[in-house]
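The chain is numbered in sequence order, starting from 1.
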Amino acid sequence: MTDPTPPRDRAQDGPAANRIGPDRARSGEAQTRSVAKGDVPQTLLDRYLIERDLRGRPERFYRDHRTADPAFRDAGRRLSADRTYPDTVADMLKVAQHRGWSRLKVEGEEGFRREVWVQARAMGLEVQGYRPRDRDRGAAGLPHGRTQMEHRLRMASTVVRTLIADPEAQQRLIAHAAARVGLAPSHHQEDRTPPVDRGRDR
C-alpha cells in the first residue's frame, strides 16, 4: 500500500520534527480526549487554506497560497510544524485544547518546546518534554521556581521555629530542608521569626 503523504512531509515529520501530542492520559481522561485527524475548531478551518488527505480529512494547514510548506500538519495523534512561529503554536494549542488534551508531550527544537511550554502553561495545560527556566515561568505568568522555593522555605522555617524550642534543632531541620531543595543557607535565614515562648518562666 502506498503512503499518500508527500515525501517532503514524511521527512519533515520525522524523529526531529517539532510536534505536540497528548501525554499519557490519567484515569478517565481517555473518554473525553479526541485523536481524530481534522477535529479542529471551525475558526481555524475558516482561517487557513487546507489540503486534505485521501479520506477528505484536513491534514495540512497553509497560511496562504504562496507558501510552499504548511504552517502545521495534523496527523490525528500529533500536530507538527517546521518552524517556531508563536501564532502557529497558539493555533496548534487551540486544537489540542479543543480535543481535550489537558496534558501534552512536546518534542523537537528547544525554541519550539519552550514556546509550547510557555503558551500551554498560560492556558492551564500541563506539558512534558521541556524543562522551564525562571524566565519561562515568568513569561507564562507563573511564580519563578527559585522564588517559589524560597517563599516555601521561609514559611517552613517559621513553622519550625514556632513548634521547636531548641535553636540548634531548628537550624538542623531548616538546613536539611534547604539542602533538599538546593538552596544555600543564606536564602532561608533572612526571615528569622523569633521562637514562640512555650510557657517558660522569665
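Residues forming a salt bridge (Lys or Arg N to Asp or Glu O under 4.0 Å) with Arg113 (at least two apart in sequence, or on another chain): none. For Arg77, there are no side-chain hydrogen bond (donor to acceptor under 3.5 Å, both in side chains) partners two or more places apart in sequence or in a different chain. Evaluation of the side-chain hydrogen bond (donor to acceptor under 3.5 Å, both in side chains) rule for Asp46 yields Gln42 as partners, not counting sequence neighbours. In this structure, the salt bridge (Lys or Arg N to Asp or Glu O under 4.0 Å) partners of Asp91, at least two apart in sequence or on a different chain, are Arg47, Lys94. Contacts of Arg63 classified as salt bridge (Lys or Arg N to Asp or Glu O under 4.0 Å), with partners at least two apart in sequence or in another chain: Asp87.
A salt bridge does not link Asp74 with Arg57: every distance from a Lys NZ or Arg NE/NH1/NH2 to an Asp or Glu carboxylate oxygen is 4.0 Å or more. Salt bridge annotation for Arg52-Glu59: absent, with no cationic side-chain nitrogen under 4.0 angstrom from a carboxylate oxygen. Looking at Arg55 and Asp53, no side-chain N of the basic residue comes within less than 4.0 Å of a carboxylate O on the acidic one, giving no salt bridge.
Among residues at least two apart or in separate chains, ring-ring contact (aromatic ring centres under 6.0 Å, His included) pairs with a member in residues 66-101 are Tyr48-Phe72, Phe61-Phe72.
No side-chain heavy atom of Val106 sits less than 4.5 Å from a side-chain heavy atom of Gln128. Residues Val40 and Pro58 form no side-chain contact, since every pair of their non-hydrogen atoms from C-beta on lies 4.5 Å or further apart. Counting heavy atoms from C-beta outward, Ile20 and Glu107 have side chains that stay 4.5 Å or more apart.
The structure places CG of Leu104 at 6.5 Å from CG of Leu93, a figure rounded to the nearest 0.5 Å. For the atom pair CD1 of Ile50 and CG of Leu44, the computed distance is 8.5 Å after rounding to the nearest 0.5 Å. A distance of 11.5 Å separates OG in Ser102 from CE in Met123, rounded to the nearest 0.5 Å. Distance CG/Leu163 to CD/Gln170: 9.5 Å, rounded to 0.5 Å.
Put simply, the side chain of Arg99 gets close to the backbone of Gly76: a donor and an acceptor are under 3.5 Å apart. Not one N or O on the side chain of Arg73 forms a donor-acceptor pair closer than 3.5 Å with the backbone of Arg78. Between the side chain of Asn18 and the backbone N or O of Glu109 there is at least one donor-acceptor pair closer than 3.5 Å.
Shortest non-hydrogen contact noted between Ala71 and Ala81 is O-CB, 3.5 Å. Minimum heavy-atom separation, Gly111 to Thr84: O-CG2, 3.7 Å. Nearest heavy atoms, Met92 versus Phe112: CE-CZ, 4.0 Å. Gln119 and Pro86 get closest at one heavy-atom pair: NE2-O, 2.9 Å. Taking every heavy atom of both residues into account, Tyr62 and Glu51 meet most closely at OH-OE1, 3.4 Å. Nearest heavy atoms, Pro132 versus Trp117: CG-CZ2, 3.4 Å.
Other residues, nucleotides and ligands contribute more than 12 heavy atoms inside 6.0 Å of the NZ atom of Lys37.
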Derivation and outcome, side chain to side chain contact (heavy atoms under 4.5 Å, CB included), residues Thr88 and Arg83 | CA-CA 9 Å; Thr88 300; Arg83 296 177 182 83; over 6 Å; no

Test His65 against Leu49 for side chain to side chain contact (heavy atoms under 4.5 Å, CB included), laying out the working first.
-> CA-CA 7 Å; His65 67 281; Leu49 295 177; 4.0 Å; yes

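Results of the side-chain contact (heavy atoms from CB on, under 4.5 Å) test with Ile164 over Ile174, Val159, Leu173 single out Leu173 as the only residue that passes.
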